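Worksheet for the structure shown next.
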Amino acid sequence: MKKILPPKFFQKPASAVARGLLGKIIVRKSGRKIYKIMIIETEAYLGEKDLASHARFGRTKRNAVMFGEGGCWYVYFVYGMHWLLNAVTENKNYPSAVLVRSGVLLGKNRRIINGPARITKILKINGRITGKPISKKSGLWIEDWGVKISRIKKSPRIGVEYAGVWSKKLLRFTLQERVI
DNA sequence: ACGATGATGAAC
DNA sequence: TTCATCATCGTA
């Protein structure tokens, strides 16, 4: 049974969504091609108080979508060349999100895709999808195939050394099963 | 270990 | 308007 995750799935605290997304399948329809990636690594960003989050600046042009209802995509550009894919979580005016860091590309070329910028490259995602709903309508959605999760590793988030105590919090979640 | 490469937010 | 910084990656 394959179920599309509904908006409600995302309208919870980001750390719960980040764990819940492990083993779920991102489906991307681009032209007549379909790409599927099973999520195996995520990071949670917890709101304006989280000094590692873009939300720490308050509402800005870039991060405005994080302040909306959970269940939309937040895609942004970093380091002059990379797009990063996030799912907005929680409810309106609570700017939290989950970054998709790694996954398993399914199909003939099954392999592990490590790193958030590689995920967006494979799925042909850029800033045009930011603010759109996580549903078939936007051509990018997430399915639950009932994959069983037995062990999740927690570790500090990557690339946020500047964030003081927030850089040490265990908000990075990695699926520990053998997956390939 | 480091450079590529450009948007972003803050300071002036 | 200028400046340092950045939720990274490929090459070394």
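A quick note: this is a predicted structure, and the numbers were derived from the prediction, not measured.
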Handout entry: All stems with DNA chain B, defined as three or more consecutive Watson-Crick or G-U pairs under 3.5 Å
Key = B:1-4 with C:8-11, B:6-11 with C:1-6

Handout entry: Test item: A:I129 and A:W83 side chains (from C-beta on) under 4.5 Å apart, heavy atoms
Key = no

Practice task
Mark yes when over 12 heavy atoms from residues, nucleotides or ligands other than A:K49 sit less than 6.0 Å from its NZ; otherwise mark no.
Solution key: yes

Exercise for the section: Provide, to the nearest angstrom, the distance between the CZ atom belonging to A:R62 and the C1' atom belonging to B:dG6. Expected result: 12 Å

Completion exercise
In short, A:W73 meets A:V88 closest at the heavy-atom pair C-CG2, 4.4 Å

Problem - Euclidean distance, atom OH of residue A:Y162 to atom C1' of B:dA10 [Å, nearest integer] - result: 15 Å

Exercise for the section: With the side chain of A:A117 defined as its heavy atoms from C-beta on, choose the nearest nucleotide among B:dA4, B:dT8, C:dT8. Expected result: C:dT8

Problem - Base of C:dA7 paired with side chain of A:Y76 (donor-acceptor, under 3.5 Å) - result: yes

Handout entry: Close side-chain approach of A:S150 and A:E177, heavy atoms under 4.5 Å
Key = yes

Problem - C:dA7 base stacked by A:Y45 (centroids within less than 5.5 Å, tilt under 30°) - result: yes

Practice task
Kindly say if A:R172 contacts the phosphate of C:dA7, meaning a side-chain N or O under 4.0 Å from OP1 or OP2.
Solution key: no

Handout entry: Side chain to side chain, A:N114 and A:E41, heavy atoms closer than 4.5 Å
Key = yes

Practice task
Check every atom of C:dA7, B:dA7, B:dG9 against the side chain of A:F57 and return the nucleotide holding the closest atom.
Solution key: B:dG9

